[in-house]
Visitor: 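Quick one: structure below, then a few questions.
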Amino acid sequence: MLARNLIDLNQLSLEELDDITDMACRISRHPSHYSSACRDKLMATLFYEPSTRTQMSFQSAMLRLGGKIIGFDNPGATSVAKGESLKDTVIVLSGYTDILTIRHPVEGAAMAASLYSGVPVINAGDGGHLHPTQTLTDVVTLRNVAGRTDRLVIGMCGDLANGRTVHSLCKCMARYGGNSFVFISSETLAMPAYIKEYLTGCGCQYSEVRTIEEAMPYLDVLYMTRIQRERFTDPDEYEAQKGVYVLDSKKMRLGKPDLCVLHPLPRVDEIAYEVDDDPRAYYFRQTLYGMYGRMALIIRLTSEHGHCVPEKPAADPDFICANPKCITKVEPYLPRLSLETPKGKVCAYCEHHS
Ligand code: NCD
């Protein structure tokens with residue numbers, strides 16, 4: 001049986017992930033066959049952070065399945081503005097609905113929500129931590145456009161420090177045989193140590209370079225990302241980093257004929273508009289695969305799990321997460337929870353060490 005919540009895509013076995021992406025492919029061929037798959041189901045979208053694609057694709061997905069939606073994308077217009085905690089909002093909304101989707105600026109927020117929700121919770125992005133349904137989107141896209149999810153050389157470029165999409169994607173693609181990574185970033189925006197440790201633990205190879213040009217000839221996939229302005233504490237630091245990496249037609253000429261260029265979007269300036277006409281640019285098709293992937297995920301979670309009392313995991317009172325961006329720092333009632341990993345204990349919410 002599928003895990004009740006989707007907080008991290010690695011909660012799914014590869015077989016379960018393949019089942020969901022198979023279903024997404026079937027839905028993309030015959031969407032009308034699924035038009036009442038979620039009739040009488042209600043989804044709440046709790047968006048504490050701006051979103052276009054993720055929010056709208058979840059909403060389109062549920063409506064196309066015959067379900068209904070409620071939610072907010074402006075927490076300032078809800079009781080959050082009066083100081084309501086995440087816990088209280090989640091308890092109330094999970095009582096009204098059959099599934100919750102949450103996006104939050106703080107790392108570990110989706111995991112925290114799952115502790116109090118009586119219905120399945122989907123992580124639609126928690127700060128700079130993870131974005132599993134974007135990764136589901138990426139996997140469905142790769143299956144369709146690259147024809148495989150293994151034996152790929154995957155370049156990732158841009159804000160690898162703060163980009164949750166690339167963190168989720170690394171963790172997922174490391175599980176398929178023969179994939180390797182080339183991280184293209186400045187030193188300041190390099191991939192976090194915990195992701196590199198994860199890759200090493202999986203026996204997965206990666207290298208780090210400073211320019212797109214030196215990586216380009218070797219890549220099967222180039223995953224571009226924007227510099228995440230909202231995650232910088234120092235505006236001057238953002239100014240120094242922006243505009244450093246721009247993919248244009250000249251650089252595309254160095255790429256393989258079957259290169260696949262992806263981007264979770266929104267784009268700021270990291271892909272020149274001229275690249276849109278290159279047949280290797282798949283980022284707009286990627287958004288469509290995201291809706292089909294989310295349709296498949298909603299069907300699976302709502303058909304396998306109903307309302308229930310959430311489980312209370314065993315607390316680890318001595319564990320104090322060292323990450324200042326962790327949800328435990330802003331919602332202090334949360335129990336301290338840790339996970340054992342080969343590198344020692346990490347925070348169960350945001351995966352940082354104590
Ligand atoms: C991404 C996100 O929100 O992390 N966008 C998305 O969900 N498609 C990428 C980004 O904002 O840069």
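What you see is a predicted model; the values in this text were computed from it and never measured. All heavy atoms count here, side chains included; hydrogens, waters and symmetry mates do not. Read the numbers this way: they start at 1 and go in the same order the structure lists the ligands and their atoms.
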Visitor: Give yes or no for whether the N/O distance cutoff of 3.5 Å, strictly under, is met between Thr165 and ligand 1.
Guide: no

Visitor: Check ligand 1 against Gln228 and write out every atom of the ligand that is under 4.0 Å from a heavy-atom position of the residue.
Guide: 10 (C), 12 (O)

Visitor: Quick one: look at Leu265 and ligand 1, take heavy-atom pairs under 4.0 Å, and tell me if it's side chain, backbone, both or neither.
Guide: backbone

Visitor: Using a strict cut-off of less than 4.0 Å between a Lys/Arg side-chain nitrogen and an Asp/Glu carboxylate oxygen, indicate whether Asp318 and Arg336 qualify as a salt bridge.
Guide: no

Visitor: Which heavy atom of the protein is the closest neighbour of atom 4 (O) of ligand 1, given with residue, atom name and distance?
Guide: Arg164 NE, 2.8 Å

Visitor: Do the ring planes of Tyr283 and His263 sit parallel (below 30°), tilted (30 to 60°) or perpendicular (above 60°)?
Guide: perpendicular

Visitor: What residue and heavy atom of the protein are closest to atom 11 (O) of ligand 1, and at what distance?
Guide: Arg226 NH2, 2.9 Å

Visitor: Would you say the side chain of Glu311 lies within less than 4.5 Å of the side chain of Arg4, judging by non-hydrogen atoms?
Guide: no

Visitor: I need the nearest protein heavy-atom contact for atom 8 (N) of ligand 1: residue, atom name and distance, please.
Guide: Pro264 O, 2.9 Å

Visitor: Indicate the ring-plane relationship of Phe232 and Tyr238, choosing parallel, tilted or perpendicular according to the 30° and 60° boundaries.
Guide: perpendicular

Visitor: Is the shortest side-chain N to carboxylate O distance from Lys345 to Asp316 below 4.0 Å?
Guide: yes

Visitor: Determine the interplanar angle of the His104 and Tyr48 rings, folded into 0 to 90°, and report it as parallel if under 30°, tilted if 30 to 60°, perpendicular if over 60°.
Guide: tilted

Visitor: Enumerate the atoms of ligand 1 whose separation from the nearest heavy atom of Thr54 is less than 4.0 angstrom.
Guide: 6 (C), 7 (O), 8 (N)

Visitor: Quick one about Thr54 and Gln134 (side-chain donor to acceptor, distance below 3.5 Å, no hydrogens or angles considered), yes or no?
Guide: no

Visitor: Could you say whether the N/O atoms of Arg103 and ligand 1 ever approach to under 3.5 Å?
Guide: yes

Visitor: Less than 4.0 Å is my threshold; does some heavy atom of Pro266 fall inside it relative to ligand 1?
Guide: yes

